[in-house]
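Input: a single structure, listed below in structure tokens.
Here is the naming used below: chain letters follow the sequence lines, and residue numbers restart at 1 for every chain.
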Amino acid sequence: MGNEKHTLQDLASVLTSLNKSTRSKNDAFVRSMFGLIKTALDKDGFVKIKGFGTFKIIVVNSRESVDVNTGERIEIQEHQRLTFVPDKTLKERVNRPFEAFETTIIEDDSKLSSLNFNIPSESDYNDDEVFSIKEETLVQENVIVQDEVRTVPLNSSQENIDIKEEELKDKEFLLRVETLDLDADVHKENAPDSILETATEDKDVIEHVSDGNLLDHEERPESDAEIEDLEKMESQYLSLNIQEEISELADEEDDNHEKKSALIFLLGILGVIILCCGSYIAGYYHLIDIDSLLKNDSQVSCDSTTTILVDTIVADSVVFSQDSTQIAALSNDVEKEEELSKDFEQMSDGEYLIVGVKEEHIMRVGDSLLKLAIKNYGNKSFVQYIIFFNKIENPDIIPLGALVKLPELKKKVKI
Amino acid sequence: MNNKQFISKLAEITGQNVKETQHLVDQTIDGLVTLLEDGNDVSIHGFGTFEVKYKKERIIINPSSQKKMLVPPKLSLAFHLSETVKSKLK
């Protein structure tokens with residue numbers, strides 16, 4: 001990571017600062033220690049040091065692969081590889097700057113859950129760290145690519161993990177970079193056979209930059225500084241991309257909100273205009289009726305007064321006829337109403353008749369039946385008609401997106 | 001070779017007792033981590049290189065609960081052999 005490389009001498013100097021011994025003695029000690037590790041590995045194949053970790057030699061089985069240059073199938077022979085797994089205490093010490101972080105569950109409605117992310121192939125995870133989250137729990141790695149789930153087999157023992165890692169990791173090959181296309185669909189798995197060989201055997205590097213966001217490439221043994229630099233660039237690019245996408249998402253959401261609110265506002269204005277027109281027309285129509293009715297009444301009353309001052313029966317009959325014309329008019333209205341309302345179920349104790357469907361409304365966030373009643377009928381008491389018409393069982397809980405039919409109401413003619 | 005055997009062998013080589021050797025080994029590890037904290041690698045000639053790698057955060061799915069989880073970023077210790085030793089292995 002940094003620019004300098006510390007050496008054995010630096011280690012000896014630090015050791016000297018820690019204990020009372022001389023520099024040369026410490027130097028000798030460090031050399032002997034690492035020398036012994038080497039000898040022990042030769043002899044036993046593994047060395048476990050408390051507080052440090054385990055060095056182990058692993059046999060990598062031979063496998064078939066493809067020559068980079070010629071494209072021929074070649075066989076990678078069986079060979080050995082050394083692995084080092086740090087001790088738990090050492091791991092925690094090294095991770096001290098990040099020790100406060102914990103694995104958290106992502107809720108479904110958060111932004112993170114909507115981001116696309118890729119399948120990292122098994123070769124990406126060549127470290128047992130991947131299989132341990134927080135103390136003892138071992139979690140199986142599952143990754144999604146657009147609702148597809150592929151599981152990496154759970155290995156509970158470190159040995160198995162190491163062997164598997166080694167098999168997959170041991171591709172003596174340089175670099176494989178994939179484009180960071182955020183709209184990419186399925187990311188193809190890094191099958192061992194498809195990895196290309198280079199002539200140089202000693203470069204055990206795989207760089208795997210997947211498409212999508214929050215996915216990193218795990219550690220792999222590197223011996224080439226150029227690759228490291230590329231890796232840094234890629235990681236920066238990745239992180240930039242992540243930031244860009246999050247900000248884009250945020251912008252999109254804001255835009256959507258604005259559009260929605262504008263739409264709602266326009267609809268509201270339209271509704272109000274329609275309401276006004278409708279009520280005006282209805283009122284006007286009603287007025288015409290009354291006028292014609294009144295005319296009839298007045299004519300009749302004139303007749304009655306001229307002919308009857310004596311015969312009360314006649315007067316009564318005129319009155320009756322007045323009533324009857326009124327009644328006739330009323331009954332006409334009632335008939336009309338009955339006809340209009342026969343198609344719909346009516347409320348038993350309502351003052352209004354349901355004569356049709358005025359409007360169909362889809363419930364959105366912030367809508368309520370009361371608001372609809374006020375908006376469409378001018379009074380919240382009309383909500384009972386809405387509830388009745390839609391047969392709503394629980395008016396307090398209306399699901400989002402539910403279709404609510406607003407009934408066309410007509411005041412019942414009072415007889 | 002486990003820890004006990006390793007320490008006793010090292011004590012033999014260095015001519016000190018087991019307790020002191022263990023203590024020295026612990027101090028060496030401390031020293032190693034101190035050097036690594038700078039952000040630089042520690043390269044032991046004829047053996048290998050220790051380095052600290054930064055691992056970015058990532059999303060995983062817990063198979064038992066099927067919930068998406070966010071693994072935080074972390075630093076991990078890595079080691080790779082020097083070329084000479086590698087070639088010896090092969």
**Message:** If I measure from the heavy atoms of chain B, does A:Val47 come under 4.5 Å with its side chain, its backbone, both, or neither?
**Reply:** both
**Complete:** So, the part of B:Ser65 with a heavy atom under 4.5 Å from chain A: the answer is neither
**Prompt:** Side chain, backbone, both or neither: which part of B:Thr14 has a non-hydrogen atom closer than 4.5 Å to chain A?
**Reply:** side chain
**Minimum-distance pair of heavy atoms, taken over all atoms of B:Ile29 and A:Leu90** = CG2-CD1, 4.0 Å
**Asked** Under 4.5 Å between any side-chain heavy atoms of B:Asp38 and A:His6, yes or no?
**Response** yes
**Complete:** Counting heavy-atom pairs under 4.5 angstrom with chain B, the leader among A:Ile49, A:Val14, A:Leu8 is A:Ile49
**Side chain / backbone / both / neither for A:Ile37 at chain B, heavy atoms under 4.5 Å** = both
**Considering all heavy atoms, the nearest B:Met69-A:Ile105 contact** = CE-CG1, 4.0 Å
**Request:** Residue by residue, scan residues 3-13 of chain B and write down, ordered by number, those that have a heavy-atom distance under 4.5 Å to chain A; if none do, write 'none'.
**Result:** B:Asn3, B:Phe6, B:Lys9, B:Leu10, B:Ile13
**Asked** Does A:Lys50 pair with B:Asp26 as a salt bridge, N-O distance under 4.0 Å?
**Response** no
**Gap separating the CD atom of B:Gln16 from the OG atom of A:Ser21, nearest 0.5 angstrom** = 7.0 Å
**Message:** Can you tell me which of B:Ser64, B:Gly48, B:Ser43 forms the most heavy-atom pairs within a distance under 4.5 Å of chain A?
**Reply:** B:Ser43
**Message:** Are the side chains of A:Thr103 and B:Pro72 in contact, using a 4.5 Å heavy-atom criterion?
**Reply:** yes
**Request:** Would you confirm whether A:Lys38, through its side chain, and B:Gly46, through its main-chain N or O, come within 3.5 Å as a donor-acceptor pair?
**Result:** yes
**Request:** Just give me the residue among A:Glu99, A:Arg96, A:Arg93, A:Glu78 that pairs up with chain B most often, heavy atom to heavy atom, under 4.5 Å.
**Result:** A:Arg93
**Prompt:** Hey, is the main chain of B:Met1 close enough, under 3.5 Å, to the side chain of A:Asp44 for a donor-acceptor pair?
**Reply:** yes
**Fill in**
Okay, A:Lys43 and chain B: the region with an atom under 4.5 Å from a heavy atom over there is side chain
**Prompt:** Do B:Phe50 and A:Phe52 have their ring centres less than 6.0 Å from each other?
**Reply:** yes
**Asked** Between B:Leu24 and A:Asn26, which heavy-atom pair has the shortest distance, and what is it?
**Response** CD2-OD1, 4.3 Å
**Item:** Among the listed options B:Leu35, B:Thr21, B:Leu36, B:Ile44, the residue most often paired with chain A at heavy-atom distances under 4.5 Å
**Value:** B:Leu35
**Item:** Heavy-atom pair count under 4.5 Å with chain A, highest-scoring of B:Asn2, B:Asp30, B:Thr34
**Value:** B:Asp30
**Request:** List the atom of B:Leu32, the atom of A:Leu11, and the distance in Å for their closest heavy-atom pair.
**Result:** N-CD1, 3.4 Å
**Item:** Pick from A:Leu18, A:Leu36, A:Leu41 with the largest number of heavy-atom pairs that fall under 4.5 Å of chain B
**Value:** A:Leu36
**Message:** By the ring-ring contact (aromatic ring centres under 6.0 Å, His included) test, which pairs, at least two apart or in different chains, include something from residues 20-46 of chain A?
**Reply:** A:Phe34-B:Phe47
**Message:** Tell me whether the rings of B:Tyr54 and A:Phe98 are parallel (<30°), tilted (30 to 60°) or perpendicular (>60°).
**Reply:** tilted
**Message:** Is any side-chain heavy atom of A:Asp10 closer than 4.5 Å to one of B:Val42?
**Reply:** no
**Request:** Could you verify whether a donor N or O on one side chain and an acceptor N or O on the other, from A:Asn19 and B:His23, lie under 3.5 Å apart?
**Result:** no
**Prompt:** About how many Å separate OG1 of A:Thr7 and CG of B:Asn40, when rounded to the nearest 0.5 Å?
**Reply:** 11.5 Å
